[in-house]
A.B. asks: 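First, the structure itself, so that you have it in front of you.
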Amino acid sequence: MRVFVSGPSGVGKTTVIKEVLRKNPDLVLSVSYTTRAPRKDEQDGVDYFFVSRDTFEDMVRKGAFLEWANVHGNLYGTSIEWVEEMESRGFHVLFDIDVQGVKQAKEKGLQGCFILIVPPTIDELERRLHSRGTEDRDSLVRRMENARAELAMWNLYDYLVVNDSLLECIETVHAVILAQRASKSEMIGRLPWLHTIA
Ligand code: ADP
Ligand code: 5GP
């Protein structure tokens, strides 16, 4: 099972995903490659693989990415090798990728469940991004401009989950994942004997 989660910067994706992963031990977060500098509390190989632009561009040339995009001025990409390695070990994979990445995933015909996390209001989004204290003025302005463009693409997704009450948002994303686990497309491969019933 593949779960794709998007949402504008500051909406609470990282916070929600952390709790959802805690509830689903067989689900892992795809660790992306990025040219962005690490934040204070971020670890290489855990939050991202932090690489130079040269290394990233070399990986693009070699076809190492399932999808990649320039987001807020930095490059971000999903490693095919990393995802396949986790899936071969029996894990389901959750992707925290932006709307451009979701478009590419859909164009490639990737199957999965596509979730957009929506802020209660644009003002609340700005307040959260500001209160996180990780962005300088330029980055904050750029992220808020991009937020509108990302939210305008809501129709690409299967589920729109509002992150107003954090607990409710976590419960709803978790419920969507439980439903996805029981979907026909996920289950039929695990129930071969159902094919044999006339
Ligand atoms: P993202 O990963 O989408 O950029 P974060 O998870 O870093 O967002 O969250 C941005 C900020 O908003 C953080 O300071 C986080 O603690 C806060 N936050 C997340 N969810 C909520 C919520 N439901 N209500 C209030 N603040 C929230
Ligand atoms: P941040 O810099 O706040 O960690 O992430 C910025 C944006 O990049 C978020 O919208 C996040 O979803 C997106 N992102 C992170 N990794 C990837 C990736 O591998 N591919 C794409 N397309 N977007 C990503």
A.B. asks: Applying side-chain contact (heavy atoms from CB on, under 4.5 Å), run through Ile117 and Val173 and close with a yes or a no.
C.D. replies: CA-CA 9 Å; Ile117 310 283; Val173 172; 3.9 Å; yes

A.B. asks: Please report the interatomic distance CE(Met153) to CG(Leu116), rounded to the nearest 0.5 Å.
C.D. replies: 10.5 Å

A.B. asks: Taking the side chain as C-beta and beyond, is there a heavy-atom pair between Pro8 and Leu151 under 4.5 Å?
C.D. replies: yes

A.B. asks: Report yes or no: do Val141 and Val11 belong to one cluster of Ile/Leu/Val/Met/Phe/Trp/Tyr joined by side chain heavy-atom distances under 4.5 Å?
C.D. replies: no

A.B. asks: Scan side-chain atoms only and decide if Tyr33 and Ser79 contain a donor-acceptor pair under the 3.5 Å cut-off.
C.D. replies: no

A.B. asks: For the CD atom of Glu81 and the CE atom of Met86, what is their distance to the nearest 0.5 Å?
C.D. replies: 11.0 Å

A.B. asks: Run the side-chain hydrogen bond (donor to acceptor under 3.5 Å, both in side chains) check on Thr34 and Arg36 step by step: do they pass?
C.D. replies: CA-CA 5 Å; Thr34 184; Arg36 164 165 85 58; 5.3 Å; no

A.B. asks: Got a sec, which pairs hit ring-ring contact (aromatic ring centres under 6.0 Å, His included) with one end in residues 91-126, sequence neighbours left out?
C.D. replies: Phe4-Phe95, Phe4-Phe114

A.B. asks: Is there a donor-acceptor contact under 3.5 Å from the side chain of Asp58 to the main chain of Asp54?
C.D. replies: no

A.B. asks: Please check if the number of heavy atoms outside Glu85 that lie under 6.0 Å from its CD is greater than 12.
C.D. replies: yes

A.B. asks: Which pair of heavy atoms, one from Ala147 and one from Leu125, lies closest together, and at what distance?
C.D. replies: CB-CD2, 3.6 Å

A.B. asks: Take Val102 and Ile97 through the test side-chain contact (heavy atoms from CB on, under 4.5 Å) and record every step on the way to the result.
C.D. replies: CA-CA 7 Å; Val102 163; Ile97 63 175; 4.0 Å; yes

A.B. asks: Would you say the ring centers of Tyr76 and Tyr48 fall short of 6.0 Å from each other?
C.D. replies: yes

A.B. asks: Give a yes or no on whether the backbone of Ser6 and the side-chain of Lys13 come within a donor-acceptor separation of less than 3.5 Å.
C.D. replies: no

A.B. asks: Are Leu166 and Ile115 connected into the same hydrophobic cluster when the rule is that any two of I, L, V, M, F, W, Y join if their side-chain heavy atoms are below 4.5 Å apart?
C.D. replies: yes

A.B. asks: List the atom of Thr78, the atom of Ser30, and the distance in Å for their closest heavy-atom pair.
C.D. replies: CG2-OG, 3.6 Å

A.B. asks: Dump the intermediate steps for salt bridge (Lys or Arg N to Asp or Glu O under 4.0 Å) on Lys62 and Glu57, then the final yes or no.
C.D. replies: CA-CA 9 Å; Lys62 289 180 174 149; Glu57 284 170 354; over 6 Å; no

A.B. asks: Side chains of Val5 and Leu94: does their closest heavy-atom pair fall under 4.5 Å?
C.D. replies: yes

A.B. asks: Of all the heavy-atom pairs spanning Arg128 and Asp164, show the shortest one and how long it is.
C.D. replies: NH2-O, 3.9 Å

A.B. asks: Membership question, hydrophobic clusters at under 4.5 Å side-chain separation (ILVMFWY): are Leu110 and Met1 in the same one?
C.D. replies: yes

A.B. asks: Hey, could you give me the NE2/CD1 distance between His195 and Ile188, rounded to the nearest 0.5 Å?
C.D. replies: 4.0 Å

A.B. asks: For a 4.5 angstrom cut-off between non-hydrogen side-chain atoms, does Gln111 reach Arg2?
C.D. replies: no

A.B. asks: Would you name the heavy atoms of Val46 and Val31 that are closest together and state the gap between them?
C.D. replies: O-CG2, 3.6 Å

A.B. asks: Rounded to the nearest 0.5 Å, what's the gap from CD1 on Ile17 to CZ on Arg22? Could you check?
C.D. replies: 13.5 Å

A.B. asks: On a heavy-atom basis, which atom in Leu129 and which in Ser9 lie closest, and how many Å separate them?
C.D. replies: CD1-OG, 3.5 Å

A.B. asks: Answer yes or no: does atom NZ of Lys106 have more than 12 heavy-atom neighbours from other residues, nucleotides or ligands under 6.0 Å?
C.D. replies: yes

A.B. asks: Group every Ile, Leu, Val, Met, Phe, Trp and Tyr by side-chain heavy-atom contacts under 4.5 Å, then state whether Ile80 and Leu29 land in the same group.
C.D. replies: yes

A.B. asks: Please determine if Arg127 and Glu124 form a salt bridge, counting it only when a charged side-chain N lies under 4.0 Å from a carboxylate O.
C.D. replies: yes

A.B. asks: Among Phe49, Trp82, Phe56, which residue satisfies the ring-ring contact (aromatic ring centres under 6.0 Å, His included) criterion with Phe65?
C.D. replies: Phe56

A.B. asks: Calculate, to the nearest 0.5 Å, the distance between atoms NZ and CG belonging to Lys18 and Asp96 respectively.
C.D. replies: 13.5 Å

A.B. asks: Got a second to check how far Leu160's CG is from Asn155's CG, nearest 0.5 Å?
C.D. replies: 8.5 Å

A.B. asks: Any donor and acceptor pair, going by atom type alone, linking the side chain of Glu42 with main-chain N or O of Arg39 inside 3.5 Å?
C.D. replies: yes

A.B. asks: Cluster question for you: counting only ILVMFWY and a side-chain heavy-atom cut-off of under 4.5 Å, with indirect links fine, are Val71 and Trp68 together?
C.D. replies: no

A.B. asks: Looking at Arg143 and Glu150, is there a salt bridge between them, counting it only when a charged N and a carboxylate O are closer than 4.0 Å?
C.D. replies: no

A.B. asks: Just by distance, with hydrogens left out, do His174 and Asn24 show a side-chain donor and acceptor under 3.5 Å apart?
C.D. replies: yes

A.B. asks: Asp26 and Arg181: side-chain contact (heavy atoms from CB on, under 4.5 Å), yes or no, with the steps?
C.D. replies: CA-CA 12 Å; Asp26 61 348; Arg181 282 179 188 274; 2.6 Å; yes

A.B. asks: Does CD belonging to Glu126 count more than 12 external heavy atoms closer than 6.0 Å?
C.D. replies: no

A.B. asks: Considering non-hydrogen atoms only, spot the tightest contact between Ile177 and Val20 and give its length.
C.D. replies: CD1-CG1, 3.4 Å

A.B. asks: Do Arg148 and Glu145 sit within salt-bridge range, that is, some charged N less than 4.0 Å from a carboxylate O?
C.D. replies: no

A.B. asks: Do the side chain of Thr172 and the main chain of Glu168 share a donor and acceptor less than 3.5 angstrom apart?
C.D. replies: yes

